[in-house]
Amino acid sequence: MSEDDELSLIPVKWIEEYHYCPRIIYFMGVLGLSERETALMVEGREAEEAEEERESRRSTLLAKRKEKVLGRWQRLRVCSTSLGLVGVIDLVVKTESGLKVIEIKNTGARRLSSGYLYQAVAYGMLAEEALKQPLRSVIIHHLKGGETFEVDVSDALRAHVKWTVKRIRSILSKAEMPKATRVKECWGCGYLKVCKRL
Ligand code: SF4
């Protein structure tokens with residue numbers, strides 16, 4: 001893949017950001033801004049990495065399940081011109097029923113957010129293409145709350161990932177700030193100051 005092709009790909013992380021608030025895509029992709037990493041964010045990232053490391057040494061999924069791990073790939077760099085995405089998958093495992101992407105999130109939330117789900121499905125689609133093996137499901141584990149969500153990857157989920165990529169491309173090409181539709185999310189948003197100024 002040429003450097004130009006690679007530059008035109010969208011980071012998978014932006015799928016999660018889009019579902020948090022589409023305006024963030026405008027700030028990052030059009031204005032070139034990035035969120036300052038706070039001490040709390042660093043702590044969260046380190047906790048996720050430590051858990052991923054532990055998971056990579058286990059012979060069964062998340063140490064609670066009976067399902068055997070037949071193979072695993074850690075920090076797998078993936079990109080696809082057909083999906084228009086690029087990223088690094090923290091952990092993907094092969095089981096008897098197919099590939100499973102595992103995402104560890106340092107949150108105590110009781111419910112699975114749409115951003116986490118669609119980001120994991122996008123990673124799964126990329127893994128499937130790169131490894132040429134069928135994708136079965138995505139597993140999102142909330143580290144602080146202890147909840148684990150396993151979601152089978154359906155055609156509808158795949159279609160929604162593709163729809164999200166189109167929406168992100170549209171924001172980038174129009175270079176217009178999307179309308180603010182979020183209120184609750186603003187208080188946890190790293191772009192709050194700049195957003196309120198514009
Ligand atoms: S402050 Fe609110 S409206 Fe602005 S980008 Fe963040 S979540 Fe979206």
Side-chain angles (χ1 to χ4, degrees), residues 6-49 51-52 78-80 83-90 101-126 138-149 151 153 156-198:
E6 193 152 350
L7 282 174
S8 71
L9 301 177
I10 287 167
V12 175
K13 174 81 185 143
W14 288 19
I15 291 187
E16 183 197 330
E17 303 285 12
Y18 177 88
H19 284 279
Y20 189 84
C21 176
R23 267 195 177 188
I24 293 176
I25 301 300
Y26 174 81
F27 292 136
M28 293 191 308
V30 178
L31 300 190
L33 303 177
S34 57
E35 199 177 5
R36 189 176 62 85
E37 199 173 37
T38 61
L40 212 61
M41 287 158 84
V42 173
E43 194 187 304
R45 180 166 48 74
E46 288 174 352
E48 288 169 3
E49 285 170 2
E51 183 60 22
E52 278 154 19
V78 280
C79 62
S80 163
L83 295 169
L85 290 169
V86 63
V88 178
I89 308 174
D90 291 333
V101 163
I102 299 175
E103 286 275 288
I104 310 285
K105 301 290 186 187
N106 191 42
T107 172
R110 307 297 298 268
R111 294 177 57 191
L112 176 61
S113 77
S114 58
Y116 286 171
L117 174 61
Y118 292 120
Q119 182 192 30
V121 173
Y123 279 135
M125 291 163 75
L126 285 159
V138 294
I139 300 173
I140 297 115
H141 179 61
H142 287 183
L143 203 50
K144 284 185 182 162
E147 277 89 358
T148 303
F149 305 89
V151 182
V153 176
L157 286 176
R158 289 170 187 269
H160 202 73
V161 166
K162 290 181 182 169
W163 175 86
T164 308
V165 173
K166 273 193 199 149
R167 295 295 310 137
I168 292 173
R169 285 207 184 284
S170 162
I171 292 170
L172 299 179
S173 62
K174 285 185 190 153
E176 281 170 13
M177 186 162 71
K179 285 199 179 90
T181 53
R182 301 289 194 261
V183 177
K184 194 163 54 84
E185 287 81 355
C186 296
W187 303 110
C189 178
Y191 296 89
L192 179 63
K193 279 189 186 161
V194 62
C195 187
K196 296 294 168 193
R197 261 190 261 126
L198 292 176

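Keep in mind it's a predicted model, so treat the numbers as computed, not measured. First listed ligand is number 1; within each ligand, the first listed atom is number 1.
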Note to self: Are L85 and L126 packed together at the side-chain level, in the sense that at least one heavy-atom pair is separated by less than 4.5 angstrom?
What the structure shows: yes
Margin query: Which of the numbered atoms in ligand 1 are under 4.0 angstrom from any heavy atom belonging to F27?
Written below: 5 (S)
Check: Can you tell me if C186 has an N, O or S atom under 2.8 Å away from atom 6 (Fe) of ligand 1?
Finding: no
Next item on the list: Just need the protein heavy atom nearest to atom 6 (Fe) of ligand 1, so name the residue and atom and give the distance.
Entry: C189 SG, 2.3 Å
Next item on the list: List every atom of ligand 1 that sits less than 4.0 Å from any heavy atom of L192, numbering the atoms from 1 in the order shown and giving each element.
Entry: 1 (S)
Next item on the list: Return the residue, atom name and 0.1 Å-rounded distance of the protein heavy atom closest to atom 4 (Fe) of ligand 1.
Entry: C195 SG, 2.3 Å
Margin query: So if I apply the side chain to side chain contact (heavy atoms under 4.5 Å, CB included) rule between V165 and each of R169, K162, R167, which one comes out positive?
Written below: R169
Check: Does H142 use its side chain to pair, donor to acceptor, with the backbone of A109 at less than 3.5 Å?
Finding: yes
Notebook entry, point to check: Do any N/O/S atoms of C21 come under 2.8 Å of atom 8 (Fe) of ligand 1?
Noted result: yes
Item checked: Side-chain H-bond candidate by donor/acceptor type, T164 with H19, under 3.5 Å -> yes
Note to self: Salt bridge or not between E16 and K105? Use side-chain N to carboxylate O under 4.0 Å.
What the structure shows: yes
